[in-house]
Amino acid sequence: MAGVRAEGRASIKERTLRVDRWWLQPAITVFVLVSFIIYATFRAFENGYYFVESSHLVSPFYSPCLSASCEPGAQLFGVVAPQSILGFGLSPALLILIFPLGFRLTCYYYRKSYYRSFWMSPPACAVAEPHKKYTGETRAPLILQNGHRWFFLAGLVFNVILTYDALISFKHEDGSFGMSVGTIVLLTNATLLWLYSLSCHTCRHIMGGRLRHFSKHPVRYKGWTIVSKLNHYHPVFAWISLFGVALTDVYVRFVATGAISNYYFF
Amino acid sequence: MGRQVKLRIWRGNKENGDFQNVNVEANEGEVVLDVIHRVQATQMPDLAVRWNCKAGKCGSCSMEINGKPRLACMTRMNTFEEDETITVTPLRAFPVIRDLVTDVSFNYKKALEIPAYSPPANLGPGEARMEQIDVERSQEFRKCIECFLCQDTCHVIRDHEENKKSFAGPRFFIRIAELDMHPLDTLRNRKRTAQEEHGLGMCNITKCCTEVCPEHIRITDNAIIPMKERVVDQKYDPIRWLGSKISKREGIS
């Protein structure tokens, strides 16, 4: 048998001799990510309660809203898709979610998390994995992980759009300047997404990681240094920005359904 | 004032072996290696254990303590509970020679497969000049003490013996990264060989190598992922590839 029981290795029958709670972290990861997937799927197909015209609030799951079925006030960037396809209503979220989803799926940090927790490859360090064969990211479909930079660039476009959404929420219904709880929620969400994107390993590479002579590129070196500091907290930004997106959507939905009102500070 | 601790030590060779329980005294300030030496001195005179500096700098006393790859000389006894049985085994990714000693020659074979630093042809000995900011990134990798804990914990070879042929392991990815980031190295095919010959693509960045490194080298973040991104530049990014053809910058090879 291969692995830790391979011929010639110390004959120990246990898969692992770890005595700590190594299973806890993967278990929490599964719980959080499955919860998010269930909620995001429900919201993507719900096709409603994503826009509050009076407060200029739009859910991040539905921005940019590019389908003909979008509420008129939410169509800030035009219409590129019909209201329905083959008689089935087309939720605007389904048009765009592939980009943020792809960015997180191919993210180096999330890869670590879901390879460990979902695929158990390995479930934890020095805990034998259950698979008989392993080829890593050398074959399809996992070789597509190498496309992370394209999703990173798409993610930047989304960050700009969500920042714009936050900025236009500095308005009352009549168009006069104002700031509500929703404004802070959208602004916080956009900030967290920027931090997540800018701390990304691909961003670090593009900024200067690919250079061999930092001394010849002082500006890029400075940028690389800043991104490297942010990169240290990339896992933190990955999680809190995920919660940020979900909680922002929850807030917009609550306001859109009338469950709560969007309080204005001024 | 010492206390009695319970140890469960794996003893055997490549044919067979099993755990043996011992009670031994541990004194304040001691590490696991001290206690193993006391076992050797008082109860198991033929216990095989590899060690040298007792200061976490030689990388000799690598073993698995309570299932975690650790340096025995850097694992303090006061980190364990009073009544805890401490399990000590040899590294489980490599063939065992005897007791706690393993055959790590796999790593030396892999080291030989990586071409050495290749200086510019026009530079004589002592003529190389580099700025500090150009070399400091790879200086982190020079801290490696070759304890091979990262190799031991890497599931690519730990759980799949058959991958040893085609996978160099994290210790050698930091060596390749160090050379590829070196401002004066002239060998231009390190990215391609990292992917195609040394198995960089098999790494799924689960960061266990970083977790166990006693020198706290950020192996995954600072060496493996940057190398993966450099490979993407050459193999999986058509825009970069086209740019390299037009501007005659660093090419595919």
Side-chain angles (χ1 to χ4, degrees), chain A residues 2-12 14 16-20 22 108-109 111-113 115-116 119 121-122 124-129 131-139 142-143 145-150 201-202 204-206 209-216 218 221 228 231-232 234, chain B residues 10 12 14-19 64 66-69 84 87 89-96 102-103 130-131 133-134 137 152-153 155-156 158-163 167 180-183 185 199 201-208 211-212 220-221 225-226 228-233 235-237:
Chain A
V4 285
R5 294 172 197 155
E7 194 180 340
R9 301 194 197 181
S11 54
I12 300 168
E14 289 90 344
T16 183
L17 292 163
R18 283 182 64 166
V19 293
D20 58 332
W22 56 264
Y108 287 101
Y109 171 70
R111 272 145 79 177
K112 172 205 160 187
S113 292
Y115 283 142
R116 281 195 188 192
W119 195 239
S121 179
C125 303
V127 178
E129 62 175 63
H131 309 290
K132 287 184 179 166
K133 280 190 174 179
Y134 174 85
T135 54
E137 298 178 338
T138 57
R139 297 179 186 178
L142 294 183
I143 200 168
Q145 304 279 28
N146 290 304
H148 181 52
R149 63 182 55 177
W150 307 111
H201 293 85
T202 292
R204 189 182 182 213
H205 176 73
I206 292 171
R210 61 163 61 109
L211 299 174
R212 287 160 65 94
H213 292 88
F214 282 145
S215 56
K216 293 180 183 171
Y221 173 63
S228 295
N231 180 257
H232 208 73
H234 191 53
Chain B
W10 190 89
K14 64 181 180 181
E15 274 84 39
N16 54 53
D18 208 347
F19 287 101
E64 298 192 12
N66 279 351
K68 289 183 177 177
E84 187 174 351
T87 303
T89 70
L91 300 177
R92 294 182 70 184
F94 303 118
V96 67
T102 46
D103 174 4
M130 293 163 277
E131 294 201 29
I133 61 169
D134 289 335
R137 184 166 38 158
D152 177 59
T153 199
H155 72 112
V156 180
R158 182 184 177 94
D159 296 338
H160 302 279
E161 180 74 18
E162 69 280 7
N163 286 340
F167 186 73
D180 199 57
M181 292 171 185
H182 196 293
D185 184 60
M202 297 181 84
C203 169
N204 68 345
I205 49 166
T206 42
K207 285 197 170 183
C208 288
E211 282 187 24
V212 300
T220 320
D221 286 330
I225 293 175
K228 277 182 172 265
E229 284 294 316
R230 286 169 177 231
V231 168
V232 174
D233 280 347
K235 288 186 63 119
Y236 306 108
D237 185 339

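Everything numeric in this text was worked out from a predicted model, so none of it was measured. A, B, ... follow the sequence lines: proteins, then strands. Residue 1 opens every chain.
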Hey, is the main chain of [Y] close enough, under 3.5 Å, to the side chain of [X] for a donor-acceptor pair?
X: His213(A); Y: Pro183(B); result: yes
X: Arg158(B); Y: Cys125(A); result: no
X: Arg149(A); Y: Val232(B); result: no

Given heavy-atom pairs under 4.5 angstrom as the criterion, report whether the side chain, backbone, both or neither of [X] touches chain A.
X: Glu229(B); answer: both
X: Tyr236(B); answer: both
X: Asn66(B); answer: both
X: Asp237(B); answer: both
X: Asp103(B); answer: neither

Under the side chain to side chain contact (heavy atoms under 4.5 Å, CB included) test, which residues partner Leu17(A), sequence neighbours left out? Ile12(A), Glu14(A), Arg8(B), Phe19(B), Thr87(B), Thr89(B), Arg92(B)
Residue set satisfying side chain to side chain contact (heavy atoms under 4.5 Å, CB included) with Ile205(B), at least two apart, ordered chain then number -> Tyr108(A), Arg111(A), Cys203(B), Thr220(B), Ile224(B), Ile225(B), Lys228(B)
Can you tell which part of [X] gets under 4.5 Å to a heavy atom of chain B, answering side chain, backbone, both or neither?
X: Tyr109(A); value: neither
X: Thr138(A); value: both
X: Arg204(A); value: side chain

Within-4.5 Å side-chain heavy-atom neighbours: [X] and [Y]:
X: Asp221(B); Y: His234(A); result: no
X: Asp134(B); Y: Arg212(A); result: no
X: Glu129(A); Y: His160(B); result: yes
X: Asn204(B); Y: Trp119(A); result: no

Would you mind telling me which of [options] has the largest number of heavy-atom pairs within less than 4.5 Å of chain A?
options: Gly12(B), Pro95(B), Pro90(B); answer: Pro95(B)
options: Arg230(B), Glu131(B), Met181(B), Glu15(B); answer: Arg230(B)
options: Asp185(B), Thr153(B), Val96(B); answer: Val96(B)
options: Gly17(B), Gly201(B), Gly199(B); answer: Gly201(B)

Hey, which of [options] has the most heavy atom pairs under 4.5 Å with chain B?
options: Ser113(A), Ser121(A), Ala128(A); answer: Ser121(A)
options: His148(A), His205(A), Gln145(A); answer: His205(A)
options: Ala126(A), Gly136(A), Ser228(A); answer: Ala126(A)

For the residue pair [X] and [Y], what are the closest heavy atoms and their distance?
X: His155(B); Y: Tyr134(A); result: CE1-CE1, 3.4 Å
X: Gly8(A); Y: Lys14(B); result: O-CB, 3.7 Å
X: Leu211(A); Y: Arg137(B); result: O-NH2, 2.7 Å

Does Glu211(B) come within less than 4.0 Å of Arg116(A), counting only side-chain N to carboxylate O? yes
Find the distance between CG (Asp159(B)) and NZ (Lys132(A)) and round it off to the nearest 0.5 Å. 14.5 Å
Measure the OH-OG1 distance between Tyr115(A) and Thr206(B) for me, rounded to the nearest 0.5 Å. 9.5 Å
Evaluate whether atom NE2 of His232(A) has more than 12 neighbouring non-hydrogen atoms of other residues, nucleotides or ligands under 6.0 angstrom away. no
